[in-house]
2 protein chains.
Amino acid sequence: MAYKTRARFVADDIRHRILNGEFPGGTQLRQDALAADYDVSRIPVREALLTLEAEGLVEFYPHRGAFTTELSVAKIRELFDLRVLLEGHLLRQAIPRMTEAALHKAEHILQEYDAALDSGSQIDNWSDYNFAFHEALYHPADLPEAMNLVSQLNTKSDRYIRMQLLYTQAIEKAEREHHDLLELSRQGEVDAACQLLERHILEACEGIVAVLEGRVQASQTPDTAQL
Amino acid sequence: MAYKTRARFVADDIRHRILNGEFPGGTQLRQDALAADYDVSRIPVREALLTLEAEGLVEFYPHRGAFTTELSVAKIRELFDLRVLLEGHLLRQAIPRMTEAALHKAEHILQEYDAALDSGSQIDNWSDYNFAFHEALYHPADLPEAMNLVSQLNTKSDRYIRMQLLYTQAIEKAEREHHDLLELSRQGEVDAACQLLERHILEACEGIVAVLEGRVQASQTPDTAQL
DNA sequence: GTTTTGAAGATTGTATAAAATATAAAAAGA
DNA sequence: TCTTTTTATATTTTATACAATCTTCAAAAC
């Protein structure tokens with residue numbers, strides 16, 4: 001796992017730029033421009049774009065190139081509904097199997113969170129932290145395929161989560177809920193924990209939708225479509 | 001959608017060969033050999049393999065190449081559990097929104113099934129038919145992301161489903177259940193339909209596991225590992 | 001006898017360059 | 001003037017060639 005091929009490096013960086021909003025939905029990603037950016041040939045760039053296509057961040061049109069995907073409100077709602085379903089399944093399986101070590105690990109991640117929060121907002125790393133916590137929580141379930149699907153759903157919705165964080169103070173709320181979630185898990189309160197998780201996810205979803213619809217209303221004048 | 005790039009063509013064909021069992025789990029897929037096979041350069045082959053990696057049929061190891069993935073019994077069980085979860089969700093959303101047209105379409109697919117069954121086993125097309133029926137059933141739910149996940153789970157488990165069909169008479173059983181499923185959906189019996197769906201999926205899973213464990217017992221002598 | 005080292009061979013990963021295709025603009029015809 | 005065809009340009013897609021990495025196997029050291 002030490003070695004990182006150029007294609008993988010480029011993929012990681014382009015993903016980062018997409019999630020940060022540098023490439024909004026619908027922008028074309030020109031292969032030679034990116035190749036020049038990273039000072040590599042177009043082939044690793046192409047492979048990177050294919051990887052991102054698999055993740056749902058990018059879509060290829062034959063002989064026309066790669067474009068970043070656009071998510072509608074309906075699709076965001078669907079993604080978060082699926083998260084509720086899958087993460088609920090994972091948490092339900094995980095709680096009875098949680099060891100002390102697993103609980104400590106999740107708690108450790110939470111504390112790092114808190115520390116990072118005190119020293120500035122750090123939106124950039126927030127997504128990774130967030131996913132790390134959820135992953136730690138679900139890890140005892142030992143369901144790698146389900147985790148994989150959850151991870152996919154996360155990458156698809158990540159950029160909108162970031163957008164929400166820019167406009168609202170959702171981090172503190174999420175952070176409090178994470179603490180509660182861990183506490184309920186520790187006590188083995190499966191149903192209560194799953195209910196909280198469901199609220200946790202769905203309220204985040206509504207926050208994003210609110211921002212999105214607000215944004216649409218605010219900037220309905222220019223730069224609507226690029227394709 | 002008419003045009004098919006070479007990379008896509010190669011990907012479709014290699015997928016077919018993997019699912020048919022020509023490349024069992026763990027075999028290395030050499031790029032130049034495949035390139036010679038299809039009379040193209042290695043680059044479209046490489047892109048095809050990357051696509052298949054995204055689908056979970058193949059795994060890349062840096063500077064070592066691509067290998068077909070191996071599924072354990074535990075992983076198969078996990079995949080089918082996820083199918084129960086997601087397809088149940090889909091069916092539950094779909095039934096209340098089913099129009100006459102949607103029901104007819106599903107029924108039409110079923111009848112084609114039956115016709116194909118009478119004129120010979122046709123295992124090769126069975127997977128496509130099977131997925132087409134389930135898709136038609138879930139289509140009224142209008143949840144493309146969920147369908148996408150279900151499709152992923154299907155491609156991953158497909159080759160083992162085919163294997164099961166070779167050894168057992170599961171097609172007829174599945175066909176009967178499909179008819180019942182459609183009937184319950186038509187009558188709006190949401191809970192009963194979902195319960196039947198769950199049984200339908202889980203029993204198929206157990207059938208596969210039985211074959212797998214039987215096969216392992218039968219051929220424990222030669223050609224165990226290639227890597 | 002076991003382990004380690006190193007060179008040869010094979011295979012993947014990347015760069016450069018040519019071919020194929022789509023988009024856009026210009027010219028010809030109605 | 002509008003439509004259709006042609007041509008030109010830009011971009012993607014594929015082929016060829018080269019570089020980097022891994023595997024293998026034999027020889028040497030312990």
Side-chain angles (χ1 to χ4, degrees), chain A residues 1-15 17-18 22-69 224-227, chain B residues 1-15 17-18 22-70 223-227:
Chain A
M1 260 299 167
Y3 188 82
K4 219 179 193 180
T5 191
R6 299 194 193 191
R8 190 169 287 273
F9 176 83
V10 172
D12 289 345
D13 199 75
I14 295 179
R15 183 189 304 109
R17 292 169 79 177
I18 292 176
E22 186 175 341
F23 302 130
T27 47
Q28 180 168 12
L29 300 176
R30 288 218 178 69
Q31 301 179 353
D32 50 2
L34 290 168
D37 250 27
Y38 294 106
D39 198 32
V40 298
S41 98
R42 287 212 310 280
I43 288 178
V45 170
R46 210 178 149 63
E47 293 192 3
L49 292 175
L50 280 168
T51 303
L52 297 176
E53 182 186 34
E55 298 175 5
L57 295 177
V58 153
E59 196 163 357
F60 267 84
Y61 298 91
H63 290 281
R64 289 191 45 211
F67 297 78
T68 54
T69 53
T224 44
Q226 282 153 304
L227 173 63
Chain B
M1 260 300 168
Y3 188 81
K4 221 179 193 180
T5 191
R6 298 192 193 190
R8 189 168 288 274
F9 175 82
V10 172
D12 289 345
D13 199 75
I14 295 179
R15 182 189 304 109
R17 291 169 80 177
I18 293 176
E22 185 174 343
F23 301 130
T27 46
Q28 180 169 14
L29 299 175
R30 290 219 177 69
Q31 300 179 354
D32 49 1
L34 290 169
D37 250 27
Y38 295 105
D39 197 33
V40 298
S41 97
R42 279 204 345 256
I43 289 179
V45 170
R46 213 180 146 63
E47 294 192 1
L49 292 176
L50 281 169
T51 302
L52 296 176
E53 181 186 34
E55 296 174 7
L57 295 177
V58 153
E59 197 163 356
F60 267 84
Y61 298 91
H63 292 281
R64 290 193 43 212
F67 298 78
T68 54
T69 53
E70 187 88 70
D223 61 282
T224 43
Q226 284 155 303
L227 173 63

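Here is the naming used below: chain letters follow the sequence lines, and residue numbers restart at 1 for every chain.
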| task | Quickly work out the B:Arg8 CZ to D:dT14 C1' distance and round it to whole Å. | result | 16 Å
| With sequence neighbours excluded, what pairs up with B:Thr51 under the side chain to side chain donor-acceptor pair (under 3.5 Å) test? | none
| message | Tell me whether A:Thr69 contacts the main-chain N or O of A:Glu59 through its side chain, where contact means a donor paired with an acceptor under 3.5 Å. | response | no
| Stepwise, does the side chain to side chain contact (heavy atoms under 4.5 Å, CB included) test hold for B:Gln28 with B:Tyr61? | CA-CA 11 Å; B:Gln28 180 169 14; B:Tyr61 298 91; over 6 Å; no
| message | Strictly below 4.0 Å: does B:Thr5 bring a side-chain N or O up to OP1 or OP2 of D:dT12? | response | no
| task | For A:Glu22, check side chain to side chain donor-acceptor pair (under 3.5 Å) against everything at least two apart and list the hits. | result | A:Arg17
| query | If you look at every strand shown and take non-hydrogen atoms under 4.0 Å, does B:Ala7 touch a base, only sugar-phosphate, or nothing? | reply | sugar-phosphate
| What's the CZ-P distance between B:Phe67 and D:dT23, to the nearest Å? | 9 Å
Below 3.5 Å between N/O atoms, which protein atoms pair up with nucleotides 6-11 of chain C? Just atom names and distances, please.
| from | atom 1 | to | atom 2 | distance (Å) |
| --- | --- | --- | --- | --- |
| C:dT11 | OP1 | B:Arg30 | NE | 3.2 |

| task | Please state how far atom CZ in B:Phe9 lies from atom P in D:dT14, giving the value in whole angstrom units. | result | 12 Å
| request: State which residues pass side chain to side chain donor-acceptor pair (under 3.5 Å) with A:Glu53; sequence neighbours excluded, sorted by chain then number. | output: none
| Length of the CZ-P vector between B:Phe60 and D:dC22, whole Å | 16 Å
| said: Less than 4.5 Å apart, side chain to side chain, heavy atoms only: is that true for A:Ile14 and A:Val58? | reply: no
| note | Distance col, row A:Arg6:CZ vs A:Asp39:CG, nearest 0.5 angstrom, shows 8.5 Å
| note | To the nearest angstrom, the CZ-P distance between B:Arg6 and D:dT12 comes to 18 Å
| said: Counting only heavy atoms and a strict 4.0 angstrom limit, can you tell me which residues of residues 40-56 of chain B come near DNA chain C? | reply: B:Arg42, B:Ile43, B:Arg46
| field | side chain to side chain donor-acceptor pair (under 3.5 Å) partners of B:Arg15, counting only residues at least two apart | value | B:Asp12, B:Glu55
